Amino acid sequence: MSAATTRSGTPRTPRATRTPDRLCVEAVDLAREAAEEAAAPGIVGEHVEVVAEGDRVVTHYFESKEPGYRGWRWAVTVTRASRAKNVTLDETVLLPGSDALLAPEWVPWSERLRPGDMGPGDLLPTEQDDLRLEPGYSGEDTPPPNSVVSEELADHLDAEDAEIVTRTPSRGAIAAVADELGMRRARVLSRYGLHTAADRWDEAFGAKTPMAQAAPASCESCAFLVPLAGSLKQAFGICANEFAPADGRVVSLAYGCGGHSEAAIMPKPPRPAPPVLDSMAADAFPLRPAKDSGSTTEPDAASEDLGHS
């Protein structure tokens, strides 16, 4: 029976204020000894307060000097029996205060896991109801060996099988088809799992990334793009350029980078138009004016002999 109920099962009305027991309040040394025994040496600090927990039951609080436990307090509860004078120890525990430094709220491992956390030897179990997966081929839809097939349909199936494969498989062998398509697995990727993967890949290497915005062309026209199979090939491929930032990654067809296979084929620079005023050619100027211009006269021979110009 809980201490908060009476023998009749009726909840006891809590007291507004409890008067702590005098002998229990005076047992500070007993409480300190109990706290120091539970803690390391020098960890128990000053006595903080006394709180009455019930009739002849009080709790002594001591400051904690434990590194990393800021605001925590050692709580030692002592009590005594009715009409007894000996105070006995009830329990000792380290409790957080109002301003204590607490650890973050616990989160399940499935929500804490992030990409890149797994290492060699780690196992990541998948839940049975994982939305990313759905049941694969189980073999329940395989027709019985003695199923009725018309002669006309049998000849048609044999002709088609002979064109596709070298050996003719048994009619109705869905397991062989499942093996060929890679679907003979306990579970396969669901549409939800496919969409979440596509969103994740497009966010990392998509058209909205800064690298794609500055690229000369998209991956759709790049020779280093390795196409995928299935419905993913309509929007994604694998980069095979060892110098590209997305080498070996699944990239969107709208993604692009400077390592595009045709980035080196630059267009010819445009030729500038000829200048309106030709300032590049040399103009010929005569050293002497023409004889018929009338601006100067011919020098006479006498002045040339005397050295006069």
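As the structure is a computational prediction, the values presented were derived from the model and not from experiment.
- Using modelled atom types, no side-chain atom of H60 and backbone atom of D29 make a donor-acceptor pair closer than 3.5 Å.
- Y255 has its side chain within reach of P245: a pair of non-hydrogen atoms, C-beta onward, lies under 4.5 Å apart.
- Looking only at side-chain heavy atoms (C-beta outward), L124 and W109 come within less than 4.5 Å of each other.
- The two residues A212 and G206 make their nearest non-hydrogen contact at CB-O, 3.3 Å.
- Once rounded to the nearest 0.5 Å, the distance linking CZ of R191 with CG of L131 reads 15.0 Å.
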Test side-chain contact (heavy atoms from CB on, under 4.5 Å) on V28 and V50; report intermediate values, then the result. CA-CA 9 Å; V28 178; V50 178; 5.6 Å; no
Working note: V78 + L89, criterion side-chain contact (heavy atoms from CB on, under 4.5 Å); need CA distance, chi angles, decisive distance, verdict. CA-CA 5 Å; V78 295; L89 179 65; 4.3 Å; yes
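- Linking ILVMFWY side-chain heavy atoms closer than 4.5 Å, directly or via other members, places L189 and W201 in a single hydrophobic cluster.
- The neighbour count for N86 CG, taken as heavy atoms of other residues, nucleotides or ligands under 6.0 Å away, does not exceed 12.
- Interatomic distance, CD1 of I43 versus CZ of F62, reported as 15.0 Å (0.5 Å rounding).
- The local environment of CD in E49 is crowded, with over 12 non-hydrogen atoms from other residues, nucleotides or ligands closer than 6.0 Å.
- Closest non-hydrogen pair, G71 versus D99, comes out as CA-OD1, 4.0 Å.
- A 4.5 Å side-chain heavy-atom check between E262 and S221 finds every atom pair outside the cut-off.
- Taking all atoms of both residues into account, the shortest heavy-atom contact from C222 to S261 is SG-N, 3.5 Å.
- Cluster membership check: L94 shares its hydrophobic cluster with V76, using side-chain heavy-atom separations under 4.5 Å among Ile, Leu, Val, Met, Phe, Trp and Tyr.
- For E203, the CD atom is loosely surrounded, since the number of other residues' heavy atoms within 6.0 Å does not exceed 12.
- Listed for the N241 side chain is no donor-acceptor partner under 3.5 Å among the backbone atoms of F224.
- L101 contributes atom CG, which lies 10.0 Å from atom OH of Y69 (distance to the nearest 0.5 angstrom).
- Atom CG of L225 is separated from atom CG of L253 by 6.0 Å, given to the nearest 0.5 angstrom.
- Between S252 and C219, the shortest heavy-atom contact is O-CB, 3.8 Å.
- In plain terms, the two heavy atoms of P216 and A263 that are nearest each other are CG-CB, 4.1 Å.
- Follow the hydrophobic side-chain contacts under 4.5 Å out from L30 and you never reach V57; the two are in separate clusters.
- Looking only at distances, a side-chain donor or acceptor of Q213 sits under 3.5 Å from a matching main-chain atom of A207.
- The side-chain tip of R249 does not point at the ring of F205 from less than 6.0 angstrom away and within 45° of straight on.
- Here the CZ-CZ distance, from R22 to R80, works out to 8.0 Å after rounding to the nearest 0.5 Å.
- When atom types are taken as modelled, the side chain of R32 and the backbone of G45 share a donor-acceptor pair closer than 3.5 angstrom.
- For D247 against A240, the heavy-atom pair with the smallest separation is OD1-C, 3.7 Å.
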Please walk me through it: do E36 and W74 pass side-chain contact (heavy atoms from CB on, under 4.5 Å)? CA-CA 9 Å; E36 292 177 349; W74 285 100; over 6 Å; no
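- Judged purely by atom type and a 3.5 angstrom limit, R70 has no side-chain atom pairing as donor or acceptor with the backbone of P67.
- K208 NZ to D202 CG: the interatomic distance, rounded to the nearest 0.5 Å, is 7.5 Å.
- In this structure a side-chain-to-backbone donor-acceptor pair under 3.5 Å is present from T79 to R56.
- Within the 4.5 Å cutoff, no side-chain heavy atoms of C257 are placed close to those of V251.
- Under the 4.5 Å side-chain heavy-atom criterion for ILVMFWY residues, a single connected hydrophobic cluster contains both I238 and L194.
- Of the possible donor and acceptor atoms, one in the side chain of S190 sits under 3.5 Å from a partner among the backbone N and O of R132.
- Residues L232 and V250 form no side-chain contact, since every pair of their non-hydrogen atoms from C-beta on lies 4.5 Å or further apart.
- Considering E53, R73, E91 as possible partners of T59, the one that fulfils the side-chain hydrogen bond (donor to acceptor under 3.5 Å, both in side chains) test is E53.
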Kindly determine whether T126 and R187 satisfy side-chain contact (heavy atoms from CB on, under 4.5 Å), including the steps that lead there. CA-CA 11 Å; T126 306; R187 288 187 291 179; 3.8 Å; yes
